[in-house]
Amino acid sequence: MTGKPTPKSRQAQRYSVRQRSRRRLLSIGLGIAVVVVVLATVGLINYHESSVSSAGSSSQTVTSPKTTALPSIGESAPSGTFVTINGQNVTVASLRGTPTLLWFVSTWCSSCEAGTQAMAQNLATIAHAGVRVSEIELYHDLGSQGPSMVSFAKELAGTQYNNPDWTFGISSLGLTKNYDPVGYLDVYYLVNSAGKITYVNSSPAATMPELLKAISRI
Amino acid sequence: MKRLINKADHLRETFGIVLRSPRRRLGWIGLATLFSVIYSLLLPFSFSQRVAFSNWSYLDPYMVMWSLVLGTAMSLVLMIQITAMRSVLSAGTTSLTGLAFLASVIPSFLCCTPIVPTLLAFVGFSSLGLYETTGGIQYFFATQQTLFLSSSLAILLLSIWWSSLRLCNARCRYPQRVQFKDEEHKTSANSTEVQQ
């Protein structure tokens, strides 16, 4: 009775084997996809770090194509205008004479929020070195409107909101194009009193020690 | 309804097997703590742009809650997988677990990092198109973190459900093959008594 397997049971057996191998292939494929995505992420982060650090060393130039290259160290700060939250029109050229940190943010970006809080904590040191901070919202908040720059600044800068060494503004398209051609969030430039870029980096919340070091050299 | 109650019983039985000894329960708590710590370092990545213990300064109740929930679920999946592997079975949810992990950290890694703008610039977007696209994508990741975290939790719960049922079914069908250490001892003790 239980001796020979019937054709039906053989067929069922074959079907289950096929199903199992199909499932195994699917899990291997998914596993490979996960590994590829993780590797691509790590690779891209490394690529960006190398391109920013190459912008940060005076002997090298940015590796990305010309149209998407960030202004690099040693270059004159590109021109452009922004409007302060008090409604004043400011040109980059008018900032010459005082070292300035030009910092481009988006009001919905979490690293920009963290950076603004870090800036509020370190503003005294930065101002003591004679550097003014201009925190500028990227043109149209990069097409996705977050909170207004006024409420963003009031909430995150706290008591430093009215500090004369810290200006908040909104960028024109030209200024955003000149300083952030790729659309990075949270990128900043340290410009000396002669209008030359002396340091470039991103995310002050993470790079504050490096920024303070660069400021001390100015 | 009856089938669902039956499956819930299976689930309870699996948890009973997976967490049956104090040592295993301790292991589970250890794993849950480890995964919660890992999540608490990874979830605030979008604020600090680095994986460091200083990320804890950006933790709020929302992130603490998600770190604990995801850490606990992830450790439970792992415990079931370990139990299945010890019984020479495959829980069949490794890829799902990987997918859940990826879904939970994607918003932190893709908002405010250079990944999206660099990728789009490579593809050939330029000027306003680039700004709006890169802004739109990053804005989505910045504002939809709850959606991603909930999806990750759903995938983890699905993994728990699926691997538990597999383990339970295998145990019902092949009780000799799917045995655990203490049961093996009991069986061998019984057989020696019978022989005597």
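Chain letters run A, B, ... following the sequence lines, proteins first, then strands; residues in each count from 1.
Few gaps surround CD on A:Q145; more than 12 heavy atoms of other groups in view lie less than 6.0 Å from it.
Heavy atoms closer than 4.5 Å to chain B are found nowhere in A:S106, neither backbone nor side chain. Contact annotation for A:D180: only backbone heavy atoms (N, CA, C, O) come within less than 4.5 Å of a heavy atom of chain B. The contact between B:F47 and chain A is made by backbone and side chain atoms together, counting heavy-atom distances below 4.5 Å.
Interface with chain B: from residues 112-119 of chain A, residues A:E113, A:A114 qualify, criterion being any non-hydrogen pair under 4.5 Å.
Only one option out of A:S203, A:S110, A:S202 pairs with B:C112 in a side-chain contact (heavy atoms from CB on, under 4.5 Å); it is A:S110.
Ranked by heavy-atom pairs under 4.5 Å with chain B, the first of A:P204, A:S111, A:C109 is A:S111. Most heavy-atom pairs under 4.5 Å with chain A, from the set B:P117, B:P44, B:S48, B:S108: that is B:P117.
Listed by first and then second residue, the side-chain hydrogen bond (donor to acceptor under 3.5 Å, both in side chains) pairs involving residues 208-218 of chain A amount to none (not counting sequence neighbours).
When every heavy atom of A:Y184 is checked against every heavy atom of B:P114, the shortest pair comes out as CE2-CB, 3.7 Å.
A:L142 contributes atom CG, which lies 7.5 Å from atom CD of B:Q138 (distance to the nearest 0.5 angstrom).
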